[in-house]
Student: 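For reference, the structure I am asking about is given below.
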Amino acid sequence: MRKFSPEYLRRTREGMWEDSREALSPLSLGDRERILDAGAGTGELARVLDAESPGAVVCLDADPELLGVARADTGLEAVVGDATRPPFVDRSFDLVVCQALLVNLPDPAAAVRAFSDLSTDLVAVIEPDNGDVGVDSTVEREVELEKRVRAAYIEGVETDVSMGDRLVSLFRESGLSDVRTRRYYHRKVIEPPYGEGSLSDAARKASGGALSQHERELRGTLSGDEYDALRSEWREMGRDVIEAMREGTYRRAEVVPFDVVVGRVTDAV
């Protein structure tokens with residue numbers, strides 16, 4: 001499983017579910033008694049679950065550092081453990097849910113089967129379709145470069161980061177019934193006045209740091225010379241972004257589609 005820093009998770013999840021939580025309605029959060037957030041990371045989804053449900057929310061993650069942040073930020077029960085071999089007895093929860101977890105697992109089916117064993121009622125996953133991300137920017141080369149980087153990343157990464165319709169098949173193969181799916185669009189906009197996070201992201205582009213985070217995956221599909229040339233273009237683009245910010249003309253919008261898939265444990269019907 002790939003590891004992420006708390007800063008990366010906060011940056012990529014910032015603002016998620018603030019605009020609308022309608023896509024979460026099939027989870028029947030108002031009726032839940034005990035919920036497991038599997039692969040909770042720093043607790044972004046757990047906070048939403050806790051706000052929307054009267055039930056107890058438990059955070060599970062294999063990374064103690066991320067879980068420590070979740071525990072401190074949410075005050076919720078937090079347990080260190082593997083989502084494919086969770087340290088709970090069967091039927092401990094009436095909803096088991098994860099967000100952006102399966103796309104990082106080498107065997108996502110094992111996690112869905114484990115979730116089915118843990119739940120008395122519903123299993124839900126909220127997974128990004130990284131192959132269908134849309135970006136628009138006033139710095140023209142940013143759109144083209146991000147498209148190239150994303151294509152190379154998807155080819156080089158070892159897990160399925162754009163599962164899409166395969167999630168429904170995964171649920172059915174795991175014995176879940178009444179499978180329903182919705183799509184939530186996480187829209188992130190950068191425009192004047194620029195916040196500290198936006199300024200930091202621009203600096204990371206200009207330094208090449210934003211690209212280096214995915215260097216292993218990119219080098220898996222690009223030659224050394226291709227990667228170095230791409231990094232040089234990326235840094236130059238970052239400098240253009242910083243200059244546009246100084247002029248107050250930089251605007252960027254990114255839309256990341258998330259598939260919300262919910263299924264019912266068969267013996268709970």
Side-chain angles (χ1 to χ4, degrees), residues 2 4-24 39-49 51 66 69-70 73 98-104 125-154 157 161-164 182-214 217 234-235 237-260:
R2 291 183 292 143
F4 301 99
S5 68
E7 294 75 18
Y8 175 83
L9 292 181
R10 283 170 168 160
R11 187 168 62 251
T12 56
R13 303 291 179 265
E14 184 180 6
M16 191 165 178
W17 303 115
E18 287 181 0
D19 54 341
S20 172
R21 296 176 180 178
E22 176 62 26
L24 296 176
T42 48
E44 283 77 11
L45 177 63
R47 277 189 286 273
V48 175
L49 299 173
L66 299 182
V69 175
D73 287 356
C98 68
Q99 179 171 286
L101 172 68
L102 301 189
V103 293
N104 297 310
V125 302
I126 304 162
E127 297 293 327
D129 187 346
N130 290 290
D132 197 24
V133 175
V135 175
D136 189 24
S137 171
T138 53
V139 174
E140 187 173 346
R141 73 165 74 187
E142 183 175 18
V143 176
E144 188 270 334
L145 274 174
E146 289 211 10
K147 186 178 295 185
R148 284 166 52 192
V149 168
R150 186 170 295 106
Y153 171 79
I154 289 174
V157 73
V161 295
S162 52
M163 302 181 75
R182 291 194 180 189
R183 191 158 258 216
Y184 169 75
Y185 293 92
H186 180 31
R187 190 167 187 263
K188 296 181 284 184
V189 178
I190 298 174
E191 59 187 357
Y194 309 113
E196 183 177 336
S198 297
L199 295 171
S200 175
D201 284 350
R204 291 179 69 253
K205 286 178 180 176
S207 70
L211 198 67
S212 298
Q213 182 152 357
H214 303 299
E217 291 85 3
W234 185 272
R235 294 180 66 187
M237 176 269 289
R239 290 191 286 271
D240 288 346
V241 168
I242 289 176
E243 182 60 30
M245 281 182 155
R246 286 178 180 146
E247 297 172 354
T249 61
Y250 180 66
R251 288 173 174 78
R252 180 184 189 277
E254 177 182 89
V255 179
V256 182
F258 280 78
D259 291 301
V260 181

Student: How about CD on Glu196, more than 12 heavy atoms from neighbouring residues, nucleotides or ligands closer than 6.0 Å, or not?
Tutor: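 Atom CD in Glu196 is not packed in, count stays at 12 or less.
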Student: List the atom of Ile154, the atom of Gly131, and the distance in Å for their closest heavy-atom pair.
Tutor: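 Where Ile154 meets Gly131 most closely, the heavy atoms are CD1-CA, 3.7 Å.
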Student: With sequence neighbours left out, what residues match Arg150 under salt bridge (Lys or Arg N to Asp or Glu O under 4.0 Å)?
Tutor: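 In terms of salt bridge (Lys or Arg N to Asp or Glu O under 4.0 Å), with neighbours along the sequence ignored, Arg150 is linked to Glu146.
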Student: What residues form a side-chain hydrogen bond (donor to acceptor under 3.5 Å, both in side chains) with Asp240, not counting sequence neighbours?
Tutor: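 Here the qualifying residues are Arg141.
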Student: My understanding is that only residues two or more places apart in sequence, or in another chain, count here; which of them pass side chain to side chain contact (heavy atoms under 4.5 Å, CB included) with Arg235?
Tutor: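 Scan of Arg235 (side chain to side chain contact (heavy atoms under 4.5 Å, CB included), adjacent residues dropped) gives Arg231, Arg239.
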Student: Going by heavy atoms in the side chains, are Cys98 and Glu127 under 4.5 Å from each other?
Tutor: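 SC-SC contact between Cys98 and Glu127 confirmed.
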Student: Tell me every residue that passes salt bridge (Lys or Arg N to Asp or Glu O under 4.0 Å) with Arg21, counting only those two or more places apart in sequence or in another chain.
Tutor: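 Testing Arg21 for salt bridge (Lys or Arg N to Asp or Glu O under 4.0 Å), a comparison that skips the adjacent residues, returns Glu52.
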Student: Please, which pairs that meet salt bridge (charged side-chain N to carboxylate O under 4.0 Å, His left out) have at least one residue in residues 184-194, sequence neighbours excluded?
Tutor: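 Output for this query lists Lys188-Glu254.
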Student: How would you list, by chain and number, every residue that makes a side-chain hydrogen bond (donor to acceptor under 3.5 Å, both in side chains) with Gln99, sequence neighbours excluded?
Tutor: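 Listed in chain order: Trp17.
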Student: Applying ring pair (Phe, Tyr, Trp, His ring centres under 6.0 Å), name anything that partners Tyr250, two or more places apart in sequence or on another chain.
Tutor: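 Applying ring pair (Phe, Tyr, Trp, His ring centres under 6.0 Å) to Tyr250 gives none.
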Student: Just jot down the salt bridge (Lys or Arg N to Asp or Glu O under 4.0 Å) partners of Glu243, sequence neighbours excluded, or say none.
Tutor: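 In terms of salt bridge (Lys or Arg N to Asp or Glu O under 4.0 Å), with neighbours along the sequence ignored, Glu243 is linked to Arg246.
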Student: Restricting to side-chain hydrogen bond (donor to acceptor under 3.5 Å, both in side chains), what partner residues turn up for Arg251, sequence neighbours left out?
Tutor: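 Arg251 satisfies side-chain hydrogen bond (donor to acceptor under 3.5 Å, both in side chains) with no residue once adjacent residues are dropped.
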Student: So, using ring pair (Phe, Tyr, Trp, His ring centres under 6.0 Å) as the criterion, who are the partners of Trp234 when residues are at least two apart?
Tutor: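 Ring pair (Phe, Tyr, Trp, His ring centres under 6.0 Å) list for Trp234, sorted by chain: empty.
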Student: List for me each residue that meets side-chain hydrogen bond (donor to acceptor under 3.5 Å, both in side chains) alongside Ser162, sequence neighbours excluded, and say none if there are none.
Tutor: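 Ser162 satisfies side-chain hydrogen bond (donor to acceptor under 3.5 Å, both in side chains) with no residue once adjacent residues are dropped.
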Student: Do the side chains of Asp201 and Val241 get nearer than 4.5 Å, heavy atoms only?
Tutor: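 The answer is no; the side chains never approach within 4.5 Å.
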Student: Applying salt bridge (Lys or Arg N to Asp or Glu O under 4.0 Å), name anything that partners Arg183, two or more places apart in sequence or on another chain.
Tutor: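 Result, salt bridge (Lys or Arg N to Asp or Glu O under 4.0 Å) vs Arg183: Asp129, Asp132, Asp259.
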